[in-house]
Amino acid sequence: MQTEKNASVSRTSVDAASGNPAVAGKHRKPHLVDRENRATVGEINVPNPKMQCRDVSVFYDYGEKEAIRKVSLDIGQNEVIAMIGPSGCGKSTFIRCLNRMNDTIDGCVVKGRITLDEINIYDKSIDVVPLRAQVGMVFQKPNPFPKSIYDNIAYGPKIHGLVQNKSETDDLVESSLKRAGLWNEVKDRLDQPGTSLSGGQQQRLCIARTIAVDPEVILMDEPCSALDPIATAIIEDLIDELRQEYSIAIVTHSMQQASRVSQRTAFFHLGDLIEVGPTEQIFLNPLHQLTHDYITGRFG
Amino acid sequence: MKKVLLTVLALVFITGIGNVTAASRDYISIVGSSTVYPFATVVAEKFGKSTSYKTPKIESTGSGGGHKLFGAGVGVQHPDITNSSRRIKKSELEKNMQNGVKEVVEVKIGYDGIVIANSKKAPIFKLTRKDVFMALAANVPNPDGSETFVANPYKTWKDVNPSLPNIAIEVLGPPPTSGTRDAFVEMAMEGGGKKFEMISALEKSDGKKYTEICHTIREDGAYIEAGENDNLIVQKLDANANALGIFGFSFLDQNTDKLQGSFVDDVQPTFDAIADGSYPVSRPLFFYVKKAHVDQIPGIREFLAEFTSEQAWGDEGYLTDKGLIPMPAAERKKYKDAVKNLVPLKLSDL
Amino acid sequence: MSKRDTSRTMNIVRKGMGRRYRAEKRFKRIGLVAIIFSLSCLATLFISIIGNGHTAFLQTVVKMDIYLDPAEFDPESLNRADYQGTIKKALRTMFPQVTSRGDKKKLYAMISTGATFQLMDVIKQTPDLIGTTISLWVPADDDVDMFMKGYIRRDVEETDRRLNDLQISWIDALAHDGRIKKRFNTTFFTSGDSREPELAGIWGATCGSFYTLLITLLLSFPVGVAAAVYLEEFAPKNRFTDLIEVNINNLAAVPSIVFGLLGLAVFLNLFGLPRSSPLVGGLVLTLMTLPTIIIASRAALKSVPPSVREAALSVGASKTQMVSHHVLPLALPGMLTGTIIGMAQALGETAPLLMIGMVAFIVDIPGGLQDPSTVLPVQIFLWADSPERAFLEKTSAAIMVLLAFLVTMNAVAVFLRKKFERRW
Ligand SMILES: Nc1ncnc2c1ncn2[C@@H]1O[C@H](COP(=O)(O)OP(=O)(O)O)[C@@H](O)[C@H]1O
Ligand SMILES: [Mg+2]
């Protein structure tokens, strides 16, 4: 079993060392059904990457069920990379690998290599707790703690010891809320429960909570899918601003959103990373037939 | 909040476990028969209130359970006294001695009658023990006169004895776990069964079969097990004039406005009839004292003195108010002396 | 779709409406009947308990004028004085016409033996009273009490009453002088068990129940919650933990007497803890309630939405921090509910206590965890089994006290739950 998997590496995935992955992909005839023979097309590498994923496969139910296979992808500094693809194709699964959120799922097995600043985050010596402070995450459904707005923000910095006293905490809460663009709306009711805010405000609260611990990478799993268009627009603006300081990986259902906020886009299909490239190229001139079909709305 | 909880927990354990090592007991511990319980408790309460000693603790464990606990050994964790609605068995005394309980003082305290009663709203029953046996035994001698046993065919009291009323047999009584039931089958049922020649012949030829015939109560619905609670039987009899009930005399004594005790062999269960022995279904009650504890646990001597005083178990004593039937004066004196001198029971006495 | 088609559909729908409404009504009615049935069962229970028991809250007392003869009461040796004789003498002065020995005995029987102890207390407290005549309301005997409450009726045959005509005439005389009355029965709430119904009280058993449940709560809640948290949040899922889980579920269904046997073998025989003590009772009931608490706590933990866990982990909380800061507070109300159910079970339990000697006649009020004591349901059981008629009302009254205890416990739990409850 193991040897067969190893043997398939060269066929299904692009070897970063081979130097010309895009070409390697192009020469293959991709086929919808024959999963064994689907390789990623497009440039997976970026110069000076923040995170690098190589041959990442994820299995659920103790290896019974393969959710993504042999995904290789770089995430650049200060870039927004969007993951698109039909439901169930493994976008969430992939993004949750990046801060090892999948560890919490019983029976979930992650194979392959993921590095953050060239350090393998799946290495035995790595502690997930600081890792998750370094790689923050915003979820699809806004999930503020059932605590006050203030405590929602202050919680992370407190447990990490980033703040020493009340005034430092106050300052951090204020600056985080300001950067999330929420300060003016909530500054008079910081002691009210976070759950009392509207959906869009709650999601911005979650973003503020994430940036309060000063991460380097922010993962967002469909952050706007539960929000109305106005709230969505506010968050999209926010993402664009946050790019100045963070690397951001965002899963989205909406191709418009991907094209609006991201610099690069990765297209997943049935657990395979089909194509990755600059957002403009993916939407205007995709290399792969499946990508083309998807963005033109033939399926999805 | 969590810290408080932990501290309290620790404190509880320190006070709880810490004192155990002191291992002493400043009150008398009594176990045993539920029949003797109402009498022993009265004495204990009186003793507790009128002396500086603590009130003895009395558990109602049944006679057998009491002997078991009592005979488990010597030491504060074992009871000092056990009550018994029957005499201690030889096997029990042997067991006690094996466990180091070498010296046991026997005290007989009086008698208890077992009555068969019904509601005052119905006519009084005049039974013989033979009637009782025929009405309640699981198997009876074949009515056709052949020398065999048949499952009890009698449905009404008239079937049993033509002089009895023509109503269905319906008797409420204690379950097999009860000491009252043991005494009832032994004295009433066995006494009645013996009147049949073929059964009394069995006594010599096949003792096992004899006991089985005499002691097995029918289970076809004519006898209803009413639980250990005699009050419940009293209430049911009051509601159902056709039923009879079996329970200790003290319950009849407390409910004379509602219930009447049936004649058994021409004698009605009255205080005097039980005391003079003419009422046939009565039994002696006992308690047993562990001599080794007498000067270890404070108050045992004084408690024994209270129990055996005339004001307690005498003809006019307060125990008679609770339904205890006193022993004749000579017997009382004998046991009082035995208690005073703490004369232990010998195996050969049994 | 054409016009004809829609109207056809609507016709079919309309035709069915009657049937649907009827079904709905029928369903509602069945529900209503079920509720009325259970409510009426409950009402019958309460009415009969209160009907039987409310009289126990009153106690008949008799006013006696007692001369404290200085010749009898020496302040130096008050213990040796003849209190009973003094009471008897006072009775004889109240009814000088009673002369025969039998009648005197009947007369003395009208007053509870508790009068003696009451007199003793009074004199010991204020020895100055010696030499004077004092008026004292003393408890009447239970038969007199039953008569005053109407349970013993005048119209039955004299031989069938526990009070004869002469005694009733004395009661009438006392009533005429205003020397007999019913008043609130404080004894019932302040004293321990007694074989005299008029002196029996529920306080001893209440204290016993309190101590026992205190131990049970202090042990079973933290242990149960800790076990549940470990099993639910930290334990690896393997055969061994599965086995533990199955066993905990089985334990919840084990008859309670088994725990009593276990307590007898372990706590009494092995550890040598004192028999009949709330300490051992609490330990045994802890064993009994633990499975209930663990199962309820695990359900409460399971019901905490995964989004909260994810939120905590994603800002870098460790697992322990996630559990203690976020999951536990949210699960606490559910855990409290489970605990209160377990405690309510424990409060009503007698079977396991039988084995460890808590089904016992205990007069003294337990003062600590190691004193012999009994508990409320055991007290009810013991009184229900007593021959004296007057214990009947005490039994019902004790049931009321037990219910009150239960209601109080529940109220505290509801209060705590409200306090801890959070929306999410
Ligand atoms: N916890 C899980 N256990 C088992 N299968 C899962 C689990 N989570 C996701 N999957 C499966 O993995 C596949 C990818 O899911 P997901 O990553 O959530 O897709 P997406 O986010 O792209 O919609 C789906 O087939 C899904 O059913
Ligand atoms: Mg998803």
Next item on the list: Mind ranking Lys319(C), Glu310(C), His325(C), Lys237(C) by heavy-atom pairs under 4.5 Å with chain A and telling me who comes out on top?
Entry: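 The residue among Lys319(C), Glu310(C), His325(C), Lys237(C) with the greatest pair count is Glu310(C).
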Notebook entry, point to check: Under 3.5 Å, is there a donor-acceptor pair linking the side chains of Tyr60(A) and Thr93(A)?
Noted result: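 Looking only at side-chain atoms, Thr93(A) and Tyr60(A) do form a donor-acceptor pair, the distance falling under 3.5 Å.
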Next item on the list: Answer with yes or no whether the side chains of Ser167(A) and Asp170(A) bring together a donor and an acceptor at under 3.5 Å.
Entry: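 Distance-only check fails for Asp170(A) and Ser167(A).
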Check: Considering only heavy atoms, which portion of Met137(A) lies under 4.5 Å from any heavy atom of chain C: side chain, backbone, both, or neither?
Finding: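 Looking at Met137(A), backbone and side chain both touch chain C.
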Check: Considering only heavy atoms from C-beta outward, does the side chain of Gln134(A) approach that of Pro215(A) to under 4.5 Å?
Finding: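 Side chain of Gln134(A) against side chain of Pro215(A), heavy atoms only: no contact under 4.5 Å found.
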Next item on the list: Tell me, out of Lys141(A), Arg209(A), Arg132(A), who's got the most heavy-atom pairs with chain C below 4.5 Å.
Entry: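 Most pairs with chain C among the choices: Arg132(A).
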Check: Can you tell which of Asn99(A), Leu98(A), Ile121(A) makes a side-chain contact (heavy atoms from CB on, under 4.5 Å) with Leu116(A)?
Finding: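 Per the side-chain contact (heavy atoms from CB on, under 4.5 Å) rule, the option paired with Leu116(A) is Ile121(A), out of Asn99(A), Leu98(A), Ile121(A).
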